[in-house]
Enquirer: 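Quick one: this structure, given as structure tokens, is what I'll be asking you about.
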Amino acid sequence: QAQLKESGGGLVQAGASLRLSCATSGRAFSNSAMGWFRQAPGKERELVGAMLGGEDRAYMGDSVKDRFAVSRDDPRNTMYLQMNNLKPEDTAVYYCAADDGVTVPLWPEHYDYWGQGTQVTVSS
């Protein structure tokens with residue numbers, strides 16, 4: 001079966017960096033949109049960064065675009081999220097997602113495949 005699995009989360013202090021990975025299995029996602037989303041308790045799931053399968057452009061959330069970056073390793077169907085200068089407000093569960101039918105990869109409700117999430121906690 002098709003699966004996505006996040007790794008790389010943890011507890012860090014403000015100003016630190018983390019690199020998250022999303023590994024895929026069961027099928028190829030090289031032509032799919034893939035994205036990172038995050039959700040804090042009591043808040044809506046929001047875009048962190050996403051990419052379509054056929055281009056290099058990254059769609060970044062406004063609150064993180066100056067500090068975070070996304071990239072893809074298409075031959076191995078892996079997506080990365082580099083997070084720099086982390087702030088306490090970045091604390092959330094971070095999810096990766098994929099979908100073959102997405103053309104504008106901004107909205108979590110448009111994705112059908114999701115990982116279990118990885119916790120990122122930033123202390124002040």
Side-chain angles (χ1 to χ4, degrees):
Q1 69 276 13
Q3 289 186 306
L4 308 178
K5 185 172 179 62
E6 306 91 343
S7 62
L11 172 62
V12 299
Q13 289 187 304
S17 296
L18 282 174
R19 184 175 174 86
L20 305 185
S21 298
C22 176
T24 66
S25 62
R27 56 152 286 181
F29 288 97
S30 59
N31 296 320
S32 304
M34 295 187 70
W36 286 97
F37 298 83
R38 67 185 184 184
Q39 188 166 23
K43 300 183 67 176
E44 298 289 330
R45 190 167 298 187
E46 66 175 354
L47 172 72
V48 179
M51 300 179 70
L52 297 172
E55 64 182 52
D56 293 328
R57 177 184 176 183
Y59 300 77
M60 304 302 297
D62 288 340
S63 65
V64 303
K65 61 185 179 182
D66 295 327
R67 299 180 293 118
F68 294 5
V70 294
S71 60
R72 292 183 69 172
D73 178 4
D74 284 335
R76 300 186 67 181
N77 303 122
T78 303
M79 189 173 189
Y80 304 96
L81 174 64
Q82 179 66 46
M83 303 185 292
N84 298 319
N85 192 24
L86 283 159
K87 303 178 184 297
E89 54 263 40
D90 296 318
T91 295
V93 177
Y94 284 70
Y95 299 90
C96 73
D99 199 287
D100 292 331
V102 175
T103 56
V104 181
L106 307 178
W107 320 115
E109 61 267 25
H110 291 177
Y111 289 80
D112 288 333
Y113 297 96
W114 291 86
Q116 294 289 93
T118 185
Q119 177 71 46
V120 172
T121 302
V122 184
S123 62
S124 59

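We use all heavy atoms of the structure for the numbers below, so side chains are in, but hydrogens, waters and symmetry mates are not.
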Enquirer: Which atom names give the shortest non-hydrogen contact between Met34 and Ala98, and what distance separates them?
Expert: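 That would be CG-CB, 3.9 Å.
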Enquirer: Identify the two heavy atoms, one from Ser63 and one from Arg38, that lie closest to each other, and give their separation to 0.1 Å.
Expert: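 Shortest heavy-atom separation between Ser63 and Arg38 comes out as OG-NH2, 3.3 Å.
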Enquirer: Below 4.5 Å, heavy atoms only, C-beta onward: do Gln13 and Ser123 meet side chain to side chain?
Expert: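 Side-chain contact under 4.5 Å: yes.
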Enquirer: Rounded at 0.5 Å granularity, tell me how far SG in Cys96 sits from CD in Gln116.
Expert: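 Answer for the SG-CD pair, Cys96 versus Gln116, is 10.5 Å.
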Enquirer: Does the side chain to side chain contact (heavy atoms under 4.5 Å, CB included) test come out yes or no for Asn31 and Asp100, once each step is laid out?
Expert: CA-CA 7 Å; Asn31 296 320; Asp100 292 331; 5.6 Å; no
Enquirer: Quick one: pull up CD in Glu89 and NZ in Lys43 and give me the separation to the nearest 0.5 Å.
Expert: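 Reported value, rounded in 0.5 Å steps: 9.0 Å.
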Enquirer: Is it the case that over 12 heavy atoms from other parts of the model lie below 6.0 angstrom from the CD atom of Glu109?
Expert: yes
Enquirer: Could you tell me whether the side chain of Thr24 and the main chain of Phe29 form a donor-acceptor pair under 3.5 Å?
Expert: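 Checking the backbone N and O of Phe29 against the side chain of Thr24, no donor-acceptor pair under 3.5 Å is found.
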Enquirer: For residues 51-60, dump all side-chain donor-acceptor pairs below 3.5 Å to protein atoms at least two apart in sequence or in another chain.
Expert:
| unit_1 | atom_1 | unit_2 | atom_2 | d |
| --- | --- | --- | --- | --- |
| Glu55 | OE2 | Tyr59 | OH | 3.2 |

Enquirer: Cation-pi check, Arg45 to Tyr95: give yes when NZ or CZ is under 6.0 Å from the six-membered ring centre and within 45° of the ring axis, no otherwise.
Expert: yes
Enquirer: Does any non-hydrogen side-chain atom of Val120 lie less than 4.5 Å from one of Met83?
Expert: yes
Enquirer: Please examine the side chains of Phe68 and Asn84, heavy atoms only from C-beta on, and report whether any two atoms are closer than 4.5 Å.
Expert: no
Enquirer: For the residue pair Val102 and Asp99, what are the closest heavy atoms and their distance?
Expert: CG2-CB, 3.6 Å
Enquirer: Once rounded to the nearest 0.5 Å, what's the spacing between atom CG of Leu4 and atom OG of Ser25?
Expert: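 It comes to 8.0 Å.
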Enquirer: Do the non-hydrogen side-chain atoms of Arg67 and Ser17 ever get within less than 4.5 Å of each other?
Expert: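 Answer no - side chains too far apart.
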Enquirer: Could you check, using the six-membered ring where one of them is a Trp, whether Trp114 and Phe37 have ring centers closer than 6.0 angstrom?
Expert: yes
Enquirer: Can you give me the closest heavy-atom contact between Ser71 and Arg19, atom names plus distance?
Expert: OG-NH2, 4.3 Å
Enquirer: Honestly curious: do Trp36 and Leu47 fall in one hydrophobic cluster under the side-chain, below-4.5 Å linking rule?
Expert: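 No: no chain of side-chain contacts under 4.5 Å links Trp36 to Leu47.
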Enquirer: Determine the minimum heavy-atom distance between Tyr111 and Ala33, stating which atoms define it.
Expert: CE2-O, 4.0 Å
Enquirer: Can you tell me how far CD of Glu6 sits from SG of Cys22, rounded to the nearest 0.5 angstrom?
Expert: 5.5 Å
Enquirer: Can you find a heavy atom in the side chain of Tyr80 that is under 4.5 Å from one in the side chain of Gln82?
Expert: no
Enquirer: So which atom in Ala2 and which in Arg27 form the shortest heavy-atom distance, rounded to 0.1 Å?
Expert: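 Shortest heavy-atom contact: CB-CG, 3.4 Å.
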Enquirer: Side-chain heavy atoms under 4.5 angstrom apart, residues restricted to Ile, Leu, Val, Met, Phe, Trp, Tyr: same cluster for Val93 and Leu18?
Expert: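 No: no chain of side-chain contacts under 4.5 Å links Val93 to Leu18.
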Enquirer: Between the side chains of Gln119 and Thr121, does any donor sit under 3.5 Å from an acceptor?
Expert: yes
Enquirer: Side-chain contact, heavy-atom cut-off 4.5 Å: Tyr113 with Gln3?
Expert: no
